[in-house]
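Letters A, B, ... mirror the listed sequences (proteins, then strands); counts begin at 1.
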Amino acid sequence: MPAYRPEEIEKKWQAHWKEQQTFKADNASAKPKYYVLDMFPYPSGAGLHVGHPLGYIASDIVTRYKRLQGFNVLHPMGFDSFGLPAEQYAIQTGQHPEKTTRENIARYIEQLSALGFSYDWSREVRTSDPSYYKWTQWIFLKLFNSWYNLDTNRAEPIKTLMDKFADNGSQGINAAGDPEERHEFTAGQWGMMNEKQKLAAVHPYRLAYQQDTYVNWCAGLGTVLSNDEVKDGLSERGGFPVERRLMPQWNLRITAYADRLLQGLDTIDWPEPIKEMQRNWIGKSIGAEVTFPVLSDDSAAISGEETTAAGPVIKVYTTRVDTIYGATFLVLAPEHELVAQLTTPEQQEAITEYIAATKRRSERDRMADTKTVSGAFTGAYAQNPVSGQPVPIWIADYVLAGYGTGAVMAVPSGDQRDWVFATHFNLPILQISDAQQGLDQQADPTKEGRYINSDLINGLGYADATEKLIAFLEERGLGRGKVNYRLRDAIFGRQRYWGEPIPIYYKDGTAYGVAEADLPLVLPEIDEYKPTETGEPPLGRAKDWKYKGQYDYELSTMPGWAGSSWYYLRYMDPTNEARFVGEEAEQYWGNVDLYMGGAEHATGHLLYARFWYLFLKDLGLVNGNEPFQKLINQGMILGRSNFVYRINGTNKFVTLGKKDQYETTALHADVNFVDNDVLDIEAFKKWRDEYATAEFILEDNGTYVCGVEIEKMSKSKYNVVSPDTLISRYGADALRLYEMFLGPLEQFKPWNTNGITGVGSFLKKFWRLFHPEDGALAVTDEPATPAELKALHKAIRKVQEDIEKFSFNTSVSTFMIAVNELTALSCHKRAILEPLVVLVSPYAPHLAEELWAELGNQPGSISSASYPEFREEYLVEDSVNYPVAINGKVREQFQFAATATAADIEAAVLASDFLARFGEGKAAKKVIVVPGRMVNVVV
RNA sequence: GCGGAUAUGGCGAAAUUGGUAGACGUGCCAGACUUAGGAUCUGGUGCCGCAAGGCGUGUGGGUUCGAGUCCCUCUAUCCGCACCA
């Protein structure tokens with residue numbers, strides 16, 4: 001083998017790995033376990049671009065490194081293969097999504113293999129495979145058959161709830177969820193109920209439950225979307241408008257786990273920004289619920305007389321009870337259930353009109369427009385439960401129906417939104433703290449100062465006042481301290497074909513879970529992938545699709561995140577037919593030690609997966625506390641788009657430098673025929689027929705220069721760089737090294753192919769250390785010199801540190817330095833080069849395997865355990881140059897033996913005529929010696 | 001508006017965590033070898049300056065013998081949430 005030929009080497013070793021099943025992980029091993037997981041991809045038709053493998057390369061480096069350190073590493077890969085694009089494609093072409101998906105996966109596997117990843121492909125899972133989604137459905141049934149007991153603070157089988165009902169009726173049940181949805185009954189009444197009635201009573205307690213829910217309805221996609229699939233009022237996929245709609249939906253009661261999901265964040269090693277996003281998403285707030293009785297007639301309100309209200313009451317939620325004396329009016333959400341009842345005849349028209357106007361405004365308008373103040377007076381008054389003062393009741397759309405109680409007490413002096421509202425509608429603003437200032441300009445939410453105009457709490461500070469007020473309200477049954485969460489239950493149904501069927505059937509209008517023995521409930525074949533004429537989901541088209549031949553199935557399918565919420569567990573034991581994961585396998589692999597993936601899943605997948613894990617734990621099905629111990633977010637690699645400028649109304653294109661002289665339209669030019677922003681005009685002309693006759697106005701040097709913009713990599717922007725062409729040109733090892741070299745893993749960065757020649761020449765130089773004469777391997781058995789050992793061990797130490805810190809970019813620099821040093825030393829010694837191959841092997845595995853084979857060693861025969869024995873002693877420099885400074889200003893270099901102590905150095909500097917040489921006659925006040933670094937003499 | 005992150009040469013970046021800023025790679029300049037090649041090798045390259053020297057890590061201040069690093073101020077860019085009471 002004369003020269004370094006990556007393509008031959010890589011093909012050879014990839015075939016070898018596949019054949020030998022080199023990376024198969026064992027479920028029982030004396031070695032310690034380590035689980036490295038990549039977020040599995042959705043197999044899109046476009047294949048991989050250079051951005052996709054970034055995280056996979058990093059995790060593969062860790063995997064190979066951990067194996068060298070003697071760990072039994074689980075490093076699997078699979079496919080999140082249910083999803084919209086395959087279905088959209090099916091609607092357009094009639095091709096079964098299963099076929100599209102299978103073909104895309106084949107292409108993905110091919111591309112991933114070409115990069116030399118060390119996945120254990122024997123564990124591959126596909127979420128769309130019935131043998132996999134059988135267990136997704138099984139977990140759903142577990143959720144369906146569970147409720148959340150707040151007394152034990154965990155999920156329990158629905159059976160324990162029924163037992164409680166039989167003993168005491170609904171009395172004393174402390175369950176997560178909305179009590180408003182549930183009915184009260186006695187044990188006797190329960191006993192009288194028939195099956196249908198019992199199931200109806202139980203249903204609102206289930207962790208998977210059906211309910212009329214406001215959903216994000218996307219007509220363009222014909223389905224509902226979760227909040228994290230909606231961006232700025234448009235669907236994330238497709239960019240179709242999304243509106244709020246009340247529909248019966250399957251929901252998962254993730255809110256039951258809000259507090260545990262929050263607490264758990266403190267126990268896991270995740271990037272702080274992601275944890276913070278989850279905290280905000282859960283949105284815990286500590287406050288109080290306060291009851292405002294509605295005054296029965298307005299004459300009382302006008303006279304300000306105290307009224308004993310036996311009528312309706314309005315519950316508000318506030319985080320600032322202390323400001324209650326400043327609550328000069330109430331505001332209800334327009335959807336609030338009491339609005340109709342409260343509205344006086346005189347105000348009827350105004351209220352009706354306002355509600356209609358609110359409905360007309362789409363969610364998107366409401367978001368875009370938070371400045372406009374709007375609202376309407378109901379004509380009714382409530383009584384401030386602390387001051388006894390009457391307060392008018394308004395409705396306004398700045399109050400959200402879905403948060404807290406859907407009603408707020410407005411304190412214009414303390415809350416800016418209330419202040420704006422009060423100012424606009426000329427409602428009173430009452431100062432309640434001596435520290436509040438500028439109330440004619442804006443609200444002042446300060447917690448400083450002492451309260452005024454606040455009877456009970458006048459003169460008190462924030463903490464005392466809050467405590468006293470809550471005690472006062474609780475005593476009278478008018479309020480209590482309350483914790484609220486922003487987190488909503490997760491909508492679980494999609495009106496789509498290409499997803500897991502929800503294993504529910506309906507008997508006499510009541511929902512039943514499909515028996516476990518009948519799973520998987522296989523996705524039926526249908527003629528077309530569209531909704532039915534009657535507006536039912538596509539599954540409504542399935543012929544003769546009935547449970548036990550007679551009961552209708554649920555027609556919606558599960559959302560994309562269902563299958564991805566537990567796939568990491570299935571990898572542990574992917575072929576188990578008796579259990580979602582075998583107990584021993586789960587016990588052995590535990591949780592994921594390192595999870596690599598994008599930050600875009602912060603509040604979606606990463607939250608749902610944690611939720612499912614906690615639920616499974618409650619049922620005793622898994623043993624850990626959190627699924628993903630350490631999380632690393634790789635940054636996205638962005639595309640570098642090139643533009644040509646067409647002069648409007650012509651077929652003439654003008655170069656970047658002269659485009660300002662014309663009216664132009666920028667058009668994407670395919671980056672594949674642009675080199676260093678210079679357009680290959682011939683290639684461009686051939687690109688599309690319409691350009692064949694195009695004319696060009698060039699720069700003065702005769703080139704056509706394109707404009708540049710950094711955008712997401714995408715087919716439609718013609719800025720996709722495929723790994724395939726780079727691999728065929730430079731090799732997978734070069735691409736792996738280069739992607740790591742590009743910059744810090746976590747950072748977002750534009751792709752730029754230019755620098756890849758640097759790592760390419762590193763690999764060639766590395767090869768040449770072993771083949772200096774362009775022939776067979778030529779390494780010597782001479783003993784290494786200290787200089788060579790130093791070069792080696794500096795590299796080993798640095799690279800080990802780097803991998804522990806996930807700072808792979810600096811490792812590549814370290815390799816280059818080592819190779820340059822050893823080349824300069826003409827070192828071709830086995831003693832140095834063998835360990836160097838081990839060090840490089842996680843980064844450039846193919847090259848390492850080849851050299852290993854040539855050196856006559858089996859891969860892995862050199863264990864990293866052999867590093868430490870000769871590590872530190874060679875790291876010590878013989879002598880060290882110290883910059884010596886006077887008052888921080890460097891004057892001279894002194895050389896000291898590496899073993900010199902701080903005292904030696906200080907003495908030597910003082911004994912020299914150092915100070916005199918630089919005109920400092922005075923004695924030194926202080927000498928600061930930083931060992932190995934520098935000396936500073938203070939005079 | 002709230003929360004979070006980032007800011008260093010022409011470009012990607014490094015800096016042992018408070019100790020000679022710019023390693024390494026690109027790009028550029030010069031040279032070598034070459035039957036001009038997107039090959040290889042050598043040297044140079046933060047900015048200003050012929051030089052001595054001066055100035056330099058987004059802005060302004062502070063702590064320190066010494067600050068890219070710590071503290072305060074401001075600015076810009078990016079991300080997340082967005083009337084959450």
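- Counting to the nearest Å, the P atom of B/C81 and the CZ atom of A/R279 are 17 Å from each other.
- Between the CD1 atom of A/I886 and the P atom of B/G66 there is a distance of 14 Å, rounded to whole Å.
- With both pairing distances under 3.5 Å, B/G1 is matched to B/C81 as a Watson-Crick or G-U wobble pair.
- A straight line from CH2 of A/W281 to C1' of B/A82 spans 11 Å, rounded to a whole angstrom.
- Phosphate contact (OP1/OP2 of B/G12, side-chain N/O of A/N754, threshold under 4.0 Å): absent.
- A/Q747 has no side-chain polar atom (N or O) that falls below the 4.0 Å cut-off from OP1 or OP2 of B/C78.
- The nucleotide B/U59 finds no pairing partner, because no Watson-Crick or G-U wobble arrangement with both distances shorter than 3.5 Å includes it.
- A distance below 6.0 Å separates the ring centres of A/F329 and A/F421.
- A/N820 has a side-chain polar atom (N or O) that falls below the 4.0 Å cut-off from OP1 or OP2 of B/G25.
- Across all strands shown, the partner of B/U6 is B/A76, judged by Watson-Crick or G-U wobble contacts whose two distances both fall under 3.5 Å.
- Separating the CD1 atom of A/I637 from the C1' atom of B/G12 is a distance of 12 Å, rounded to the nearest angstrom.
- Between A/Y882 and B/U20 there is no side-chain polar atom (N or O) within less than 4.0 angstrom of OP1 or OP2.
- A/K749 places its NZ atom 16 Å from the C1' atom of B/C79, with the value rounded to the nearest Å.
- Here B/C24 presents its C1' atom at 13 Å from CG of A/L737, a figure rounded to the nearest Å.
- Nucleotide B/G12 holds its P atom 15 Å from the CH2 atom of A/W751, rounded to whole Å.
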Close N/O contacts between protein and nucleotides 15-18 of chain B (under 3.5 Å):
from  : atom 1 : to     : atom 2 : distance (Å)
B/U16 : N1     : A/R933 : NH2    : 3.4
B/U16 : O2     : A/R933 : NH2    : 2.6
B/U16 : N3     : A/R933 : NH1    : 2.8
B/U16 : N3     : A/R933 : NH2    : 2.1
B/U16 : O4     : A/R933 : NH1    : 2.8

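- Atom-to-atom, OH of A/Y730 to C1' of B/A39 comes out at 12 Å; the value is rounded to the nearest Å.
- Applying the Watson-Crick and G-U wobble criteria (two distances, each under 3.5 Å), B/C28 pairs with B/G44.
- Using the Watson-Crick or G-U wobble rule with both distances under 3.5 Å, B/U69 pairs with nothing in any strand shown.
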Requested in this report: Run the numbers on A/E739 and A/K749 for salt bridge (charged side-chain N to carboxylate O under 4.0 Å, His left out), then give the verdict.
Outcome: CA-CA 11 Å; A/E739 293 219 5; A/K749 50 209 163 223; over 6 Å; no
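- A/D418 comes within contact range of no nucleotide atom at all, as no heavy-atom separation falls under 4.0 Å.
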